[in-house]
Amino acid sequence: MPAPLSRIPARALVTALLAAAFCAQAVAALRPHVPLLLGATALSLAVEGVLLRWQRGILSAFAKSHADITVRHVLRDLLLVVCLLRLGEQHREPVYTPLIAGLLAFYVLHCAIQAVSVLVRRTRTLPVVTRNIDAAALRLSPAPPILLRRPGPRLLIFGLPATAGLLATAAADDPRCAALGIALSLGLALLGLYDLLVRLLPSRRPAGERETLEWLDAWLAEYRPTVGLYFSGGAASAYQANMWLEPLAKLDGRPLIVLRERFMVPKIAPTDVPVLCLPKVSTLMRLEESSLQVLIHPSNSGKTSQVLRIPTLKHTFVNHGESDKLSSCNPYAKAYDEVWVAGPAARERYAYAEVGVEDKDVVEIGRPQLDDVRPYAGPPSGACATVLYAPTWEGWDGNPGNTSVIEAGENLVRALLADAGVRLLYKPHPLTGSVDPRAGAADLRIRELITAANRERTGERPRDTDELALRTEELDRLTTTAVRASADQVERMLLQSAPEPGRAEAVARATTAWEEAYWASLPEWEHQVVTATRPTLYACFNEADLLISDVSSVISDFLASGKPYAVANTSGLAEDVFRKAFPTVRAGTVLTPDAAGVPELLDAVRHPEKDRLVEARAELKRHLLGPDEPPSQVRFNEAVQSLCSVAGEHRARMAERLAAETPEIPDQRRSFTPQRPAHPA
């Protein structure tokens with residue numbers, strides 16, 4: 001996505017200043033002109049600091065054009081040396097020779113530090129990344145200082161004494177200043193190189209690849225996992241896995257989370273379930289020899305096909321949400337052993353789509369995430385009705401019916417804000433604007449409308465107490481491990497070891513207390529834009545009296561509450577066609593892009609006797625989510641245990657078959673000496 005226009009002038013200004021500083025420094029060195037040299041060099045160093053702190057994008061552009069910080073720093077010091085040589089007389093050149101030699105030695109050390117830092121990084125890049133697992137046997141240790149791992153800041157800071165010394169010599173005509181500065185730079189470089197070299201000693205570096213893989217096999221044999229959650233995806237897709245963490249943790253057996261991307265490990269929400277990141281396919285295949293029986297897949301990805309090759313595992317697709325969209329019945333689903341859905345509607349959807357998923361492989365488990373969603377308890381009891389507007393994102397296919405944000409979002413929000421008896425909770429999809437810039441722009445305008453509406457409202461605010469701060473501190477203490485910003489994966493593995501017993505229960509209690517304190521801290525009349533991790537979407541469900549959304553899994557999930565909902569129709573279809581095309585809409589109010597039906601909808605929320613869709617919502621809930629009893633978590637657990645049994649039986653049959661066939665298979669490791677043909681008589 002192109003840079004915002006506001007950033008372009010800033011980047012151009014910084015680039016122009018740096019270029020002007022080098023030009024001025026070159027002129028000052030050749031003339032020579034000491035005051036101009038001092039000013040230009042100081043400006044150049046200041047701009048370098050700005051680039052490192054705020055304008056990393058320009059640094060990348062400079063590096064691509066072979067004008068990285070090393071080249072710039074060498075040029076800066078070279079111009080200082082040229083100025084000194086031009087200022088001094090010919091007989092003083094021998095005085096400057098050791099200084100130039102020391103400066104060259106500093107740059108040699110800089111290159112050596114970079115080379116050794118690469119070696120250190122490679123020794124600290126393990127084939128496995130863990131969380132919630134005691135991996136101390138791998139000789140984990142804190143990461144080197146960030147300054148030793150980043151060549152740009154290191155050169156700027158380590159070389160600053162030398163540059164300052166050369167400047168002082170140019171101003172005071174005293175070579176001792178340059179000697180002192182260069183000596184300090186050399187000392188810093190030597191200390192940095194020593195720190196890195198020590199980390200390469202066998203006793204100081206982490207375990208090697210072979211030792212790590214042996215440890216992995218031993219840990220799998222000791223923990224004996226039975227069911228795992230397999231996830232691979234982009235940085236913004238972690239929510240798809242996070243919504244299954246709590247149901248996974250409640251299963252009978254020994255659950256495990258299997259990831260494929262290293263960057264995904266810290267993005268997984270707080271959980272006590274062990275996390276294994278196995279980036280390489282060869283490492284992933286070691287799961288074949290483990291006790292793992294079932295892998296649960298909340299999403300499809302290119303790397304899913306790799307784990308499907310493991311014959312000892314059974315795989316099930318649970319999706320990260322169900323809706324009437326075609327993405328909810330992806331043909332890729334036929335690659336799994338089973339497809340677990342919420343209720344009969346999804347079973348019918350797969351049959352209708354004819355994507356190769358057989359009905360016998362579809363299992364209805366409900367939505368275990370929704371067991372804590374509170375049911376409808378009557379009309380709004382306070383002065384305001386709370387309306388949750390939770391639109392979905394624009395999707396990959398450019399369908400205008402995917403999201404209401406672009407065509408209807410502002411109209412819907414204006415209509416809601418116009419009602420003095422409404423409190424709006426706006427919770428956009430995390431990926432809003434990631435594909436279509438119009439969605440991102442509309443999202444920003446909606447936020448501005450909400451901010452402006454709040455300025456026009458006044459009312460009593462809850463008494464300022466420390467309750468929310470205390471609850472936040474407690475929850476952060478339980479869910480956050482103090483990790484340095486400069487920590488690498490090995491250091492994080494060391495700090496995020498096996499959790500203390502009972503932490504999961506403590507987190508659940510702290511989360512409930514935090515949610516109560518959060519909602520109590522807000523005025524009941526104030527609109528809110530909810531984009532942070534907390535509160536969750538389901539917590540917003542419990543607070544809302546009405547949902548307005550798009551055709552998405554949000555509607556299906558909200559039906560667990562039995563509360564009224566509305567769907568924005570931006571598809572261009574007539575209402576009757578829209579309802580027929582998307583069954584999840586049939587128990588809700590359909591809103592046109594101009595939001596003309598919002599006042600009537602709000603009236604039905606405030607006066608339940610005018611709500612004609614109560615029975616339709618109850619029927620649709622059963623159709624989409626299945627029965628209330630047994631609870632979804634129970635059905636989810638039963639499905640897991642059943643598929644584990646199937647996997648166990650399959651593994652036993654394969655073992656028996658292999659044992660029966662083994663005697664007939666020649667041992668290919670033995671040498672084979674062919675017999676010579678008999679000579680004819």
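What you see is a predicted model, and the numbers here were worked out from it, not measured in a lab. When a residue number appears, it is its place in the shown sequence, counting from 1.
Side-chain contact between Leu119 and Leu196 is absent, with no heavy-atom pair separated by less than 4.5 Å. Residues Leu166 and Tyr96 form no side-chain contact, since every pair of their non-hydrogen atoms from C-beta on lies 4.5 Å or further apart. Ser290 places none of its side-chain heavy atoms less than 4.5 Å from the side chain of Tyr223. By the 4.5 Å heavy-atom criterion applied to side chains, Leu276 and Leu216 are counted as neighbours. Side-chain contact check for Lys267 versus Ser237: every heavy-atom pair is 4.5 Å or farther apart. Counting heavy atoms from C-beta on, the side chains of Arg199 and Pro144 come closer than 4.5 Å. Counting only heavy atoms from C-beta outward, the side chains of Tyr107 and Leu155 approach each other to under 4.5 Å. For the pair Pro266/Gln496, no side-chain contact is recorded, criterion being any heavy-atom separation below 4.5 Å from C-beta on.
Here the NE2 atom belonging to His297 is positioned 13.0 Å from the CH2 atom belonging to Trp244, to the nearest 0.5 angstrom. To the nearest 0.5 Å, the span separating CZ on Phe231 from CD on Gln240 amounts to 4.5 Å. We find the NE2-CG distance between His73 and Leu78 to be 12.0 Å, quoted to the nearest 0.5 Å. One finds the CG atom of Leu220 at 7.5 Å from the CG atom of Leu256 (value rounded to the nearest 0.5 Å). With rounding to the nearest 0.5 Å, the separation of OG in Ser305 from CG in Asn300 is 10.5 Å. Rounded to the nearest 0.5 angstrom, Leu167 CG and Leu38 CG are separated by 5.5 Å.
Glu246 CD: 12 or fewer foreign heavy atoms inside a 6.0 Å radius. In the displayed structure, Tyr194 atom OH is contacted under 6.0 Å by at most 12 heavy atoms of other residues, nucleotides or ligands.
Across all their heavy atoms, Gly228 and Leu292 have their closest contact at N-CD1, 3.7 Å. Pairing each heavy atom of Ser117 with each of Leu148, the nearest pair is CB-O, 3.5 Å. Across every non-hydrogen atom of Pro274 and Pro255, the tightest pair is CD-O, 3.6 Å. The two residues Ile146 and Ser486 come nearest to each other via the heavy atoms CB-CB, 3.7 Å. Between Thr212 and Ala207, the shortest heavy-atom contact is OG1-O, 3.5 Å. The nearest pair of heavy atoms linking Arg149 to Ala143 is NH1-CB, 3.5 Å.
Among pairs with a residue in residues 273-288, those fulfilling salt bridge (Lys or Arg N to Asp or Glu O under 4.0 Å) read Glu209-Lys280, Asp217-Arg286, at least two apart in sequence or across chains. Legend: side-chain hydrogen bond (donor to acceptor under 3.5 Å, both in side chains) pairs involving residues 18-40, not counting sequence neighbours, sorted by first then second residue: Gln25-Thr41. Residue pairs satisfying the side-chain hydrogen bond (donor to acceptor under 3.5 Å, both in side chains) criterion with at least one member in residues 255-266, sequence neighbours excluded, are listed as follows: Tyr230-Arg260, Ser232-Glu261, Arg260-Gln306, Glu261-Lys303, Arg262-Gln489.
Considering only residues two or more places apart in sequence or on other chains, Arg484 meets the side chain to side chain donor-acceptor pair (under 3.5 Å) condition with Glu491. In this structure Thr472 satisfies the side chain to side chain contact (heavy atoms under 4.5 Å, CB included) test together with Leu468, Asp476, Trp514, Arg534, sequence neighbours excluded. Take Tyr239 and apply the ring pair (Phe, Tyr, Trp, His ring centres under 6.0 Å) test, not counting sequence neighbours, and it matches His429. In this structure, the salt bridge (Lys or Arg N to Asp or Glu O under 4.0 Å) partners of Arg445, at least two apart in sequence or on a different chain, are Glu410. The side chain to side chain donor-acceptor pair (under 3.5 Å) check on Thr163 picks up Asp77, with sequence neighbours excluded. Legend: residues meeting side chain to side chain donor-acceptor pair (under 3.5 Å) with Glu48, ordered by chain and number and at least two apart, are Arg72, Arg76. Residues passing the side chain to side chain donor-acceptor pair (under 3.5 Å) test with Thr531: none are found, sequence neighbours excluded.
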Determine all donor-acceptor pairs shorter than 3.5 Å in which one atom belongs to a side chain in residues 127-139; sequence neighbours excluded.
| unit_1 | atom_1 | unit_2 | atom_2 | d |
| --- | --- | --- | --- | --- |
| Arg131 | NH1 | Val265 | O | 2.8 |
| Arg131 | NH1 | Ile268 | O | 2.7 |
| Arg131 | NH2 | Ile268 | O | 3.4 |
| Arg131 | NH2 | Ala269 | O | 3.2 |
| Asn132 | ND2 | Thr271 | O | 2.7 |
| Asn132 | ND2 | Val273 | O | 2.8 |
| Asp134 | OD1 | Ala136 | N | 3.2 |
| Arg139 | NE | Arg205 | O | 3.2 |
| Arg139 | NH1 | Glu211 | OE1 | 3.4 |
| Arg139 | NH1 | Glu211 | OE2 | 3.1 |

Result block: side-chain N/O donor-acceptor pairs under 3.5 angstrom for residues 176-191, not counting sequence neighbours:
| unit_1 | atom_1 | unit_2 | atom_2 | d |
| --- | --- | --- | --- | --- |
| Arg176 | NE | Asp174 | OD1 | 3.1 |
| Arg176 | NE | Asp174 | OD2 | 3.3 |
| Arg176 | NH2 | Asp174 | OD2 | 3.0 |
| Ser185 | OG | Phe158 | O | 2.7 |
| Ser185 | OG | Ala162 | N | 3.0 |
| Ser185 | OG | Gly181 | O | 3.4 |

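Checked for salt-bridge contact, Arg471 and Glu467 meet the test: a charged N lies under 4.0 Å from a carboxylate O. Between Glu526 and Arg461 there is a salt bridge, since a side-chain N of the basic residue sits under 4.0 Å from a carboxylate O of the acidic one. Between Glu473 and Arg477 there is no salt bridge, since none of the side-chain N atoms of the basic residue sits less than 4.0 Å from a carboxylate O of the acidic one.
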Walk me through whether Leu126 and Met493 qualify under side chain to side chain contact (heavy atoms under 4.5 Å, CB included). CA-CA 11 Å; Leu126 303 181; Met493 288 171 60; 4.1 Å; yes
Step-by-step side chain to side chain contact (heavy atoms under 4.5 Å, CB included) determination, Met243 to Thr536: CA-CA 10 Å; Met243 68 170 56; Thr536 64; over 6 Å; no
Kindly determine whether Val258 and Leu284 satisfy side chain to side chain contact (heavy atoms under 4.5 Å, CB included), including the steps that lead there. CA-CA 9 Å; Val258 180; Leu284 179 71; 4.2 Å; yes
Check against side chain to side chain contact (heavy atoms under 4.5 Å, CB included), Leu104 and Val108: CA-CA 6 Å; Leu104 291 175; Val108 170; 5.5 Å; no
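Checked by atom type and distance alone, the side chain of Asp272 pairs as donor or acceptor with a backbone atom of Ala504 at under 3.5 Å. No side-chain donor-acceptor contact under 3.5 Å links Arg492 to the backbone of Val483. Panel note: side chain Glu394, backbone Asp436; a donor-acceptor pair is recorded below 3.5 Å.
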